[in-house]
Number of protein chains: 2
Amino acid sequence: MSKNILKLSNQVCFPLYAATRQITKLYRPMLEKLEVTYPQYLVLLVLFEDVSVTVKELGERLYLDSGTLTPMLKRMEEHGLVERKRSSKDERVVEVSLTEKGRSIEKKAEEIPNRFSKEIHLEQDEFDELKRLLTKILDQV
Amino acid sequence: MSKNILKLSNQVCFPLYAATRQITKLYRPMLEKLEVTYPQYLVLLVLFEDVSVTVKELGERLYLDSGTLTPMLKRMEEHGLVERKRSSKDERVVEVSLTEKGRSIEKKAEEIPNRFSKEIHLEQDEFDELKRLLTKILDQV
DNA sequence: AACAATTAAATTGTGTACAATTTAATTGTA
DNA sequence: TACAATTAAATTGTACACAATTTAATTGTT
């Protein structure tokens, strides 16, 4: 009845919320070897694709705001992974790029998605469908 | 090539991570009317099902530990939503239950999942499949 | 040029998350 | 019964996450 609507087991959001955190935990030991957290790893992924991005661009790509990114990027800077530089063209803008050390992690970072997909026992088409559905949600909100 | 493995767009974890946060944002305005956060809402859902649960049980149901739950439950207690009581049988255990005020939210809380599913434009079978895949992941990790 | 409007980051404040440790109570075993 | 091992919460410390505000630079308009 109406009560069932509220059952945890009937919600989509709850398994989404829980699975995300459990998977992040799965990533943790691998990421610890690179001395980064999962959100920091995502920043690296963006910077492996593009040599330099602004904080604003990073925020748009990762769905994060400056309140999250600014302190995180400062931590990554302290760890010697990235460089933050005010744009000379527009002093409001901060350009983020990899340091030599940050760049040197790329090889090790490549191994992670593979090892991960081995720990999650989904068929390839299940992976694809999951990604499709999540991306569809992301495009709508 | 090997580089593509690291592309954000090729990862499952990233849309999972991002979609979770975007959906939580969607929930926020509705939950604000009840004066609870999303994780607090989950605690309420458990307590709508079971009159009383221990912190340990809550942690198992929501995949959270006492480091997260203890301060959260204290906040909910301060807001008059729940009651925390040491078990007399076993003084180590804390039993959590709804107050009158907490119980009174149930009707309003019931409306949320419906409104939510209208904002996310997925077919019923897509919803079901998404839930199935996420639950499968949760069961494995 | 002057200045209001806009924009990009940074800051502030609150609330999760979680690893690791601590505290206190209970249980198992010599 | 003593007391080591285990267990449940709480605590400590670090790192997101995000709403709301602030700061500083740039742009648009008169």
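So you know, we letter chains A, B, ... as the sequences are listed, proteins then strands, and number each from 1. The figures here come from the full heavy-atom set of this structure, side chains too, leaving out hydrogens, waters and symmetry mates.
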Please tell me if B:Thr68 has a side-chain N or O lying less than 4.0 Å from either OP1 or OP2 of C:dT16.
no

Outermost DNA chain D nucleotides near chain A [under 4.0 Å, heavy atoms]
D:dA15 to D:dT26

Looking at every heavy atom in both A:Ala109 and A:Tyr41, which two are closest together, and how far apart are they?
O-OH, 3.5 Å

Do B:Leu98 and B:Ile105 come within less than 4.5 Å of each other through their side chains, counting heavy atoms only?
no

Let me see the working for B:Lys56 and B:Glu60 under salt bridge (Lys or Arg N to Asp or Glu O under 4.0 Å), right down to the final yes or no.
CA-CA 6 Å; B:Lys56 180 180 153 69; B:Glu60 285 165 357; 3.2 Å; yes

Please determine whether a side-chain nitrogen of the Lys or Arg among B:Lys107 and B:Glu110 lies less than 4.0 Å from a carboxylate oxygen of the Asp or Glu.
no

Quick check: closest heavy atoms across B:Glu95 and B:Ser52, and the distance to 0.1 Å?
OE1-OG, 2.9 Å

Considering residues at least two apart in sequence or located in another chain, which fulfil the side-chain contact (heavy atoms from CB on, under 4.5 Å) criterion with A:Glu123?
A:Asp125, A:Glu126

How are the rings of A:Tyr17 and B:Tyr38 set relative to one another: parallel (under 30°), tilted (30 to 60°) or perpendicular (over 60°)?
perpendicular

The answer to which of A:Ser66 and B:Thr54 contacts DNA chain D further toward the 5' end, by nearest nucleotide, is B:Thr54

Please confirm whether the shortest side-chain N or O distance from A:Tyr17 to OP1 or OP2 of C:dA17 is below 4.0 Å.
yes

By a strict heavy-atom criterion of less than 4.0 Å, which residues belonging to residues 74-93 of chain B are in contact with DNA chain C?
B:Arg75, B:Lys89, B:Asp90, B:Glu91, B:Arg92

Within a strict 4.5 Å, meaning less than it, do heavy atoms of the A:Gln140 and B:Ile120 side chains meet?
yes

Please work out which residues in residues 18-26 of chain B have a non-hydrogen atom less than 4.0 Å from an atom of DNA chain D and list them by number.
B:Arg21, B:Lys25

Expressed in angstrom and rounded to an integer, what is the separation of A:Arg28 atom CZ from C:dA17 atom P?
12 Å

Mind checking what makes side chain to side chain donor-acceptor pair (under 3.5 Å) contact with A:Glu77, not counting sequence neighbours?
A:Arg84

Nearest whole angstrom, please: distance from the P of C:dT16 to the OH of B:Tyr27.
16 Å

In which stems does DNA chain C show up, taking only runs of three or more Watson-Crick or G-U wobble pairs whose two distances fall under 3.5 Å?
C:1-30 with D:1-30

May I have the distance from B:Glu32 (atom CD) to C:dG15 (atom C1'), rounded to whole angstrom?
13 Å

Could you pull out the closest heavy-atom pair between B:Arg61 and A:Phe14, with the gap in Å?
O-CZ, 3.2 Å

Inspect the contact between A:Glu78 and A:Lys74 and indicate whether a charged nitrogen and a carboxylate oxygen are less than 4.0 angstrom apart.
no

Quick one: closest heavy-atom pair of A:Leu138 and B:Pro15, and the distance?
CD1-CA, 3.9 Å

Taking the side chain as everything from C-beta on, heavy atoms only, tell me whether B:Val55 gets closer than 4.5 Å to B:Val93.
no

Assign B:Leu69 to base, sugar-phosphate, or nothing according to its heavy-atom contacts below 4.0 angstrom with the strands shown.
nothing

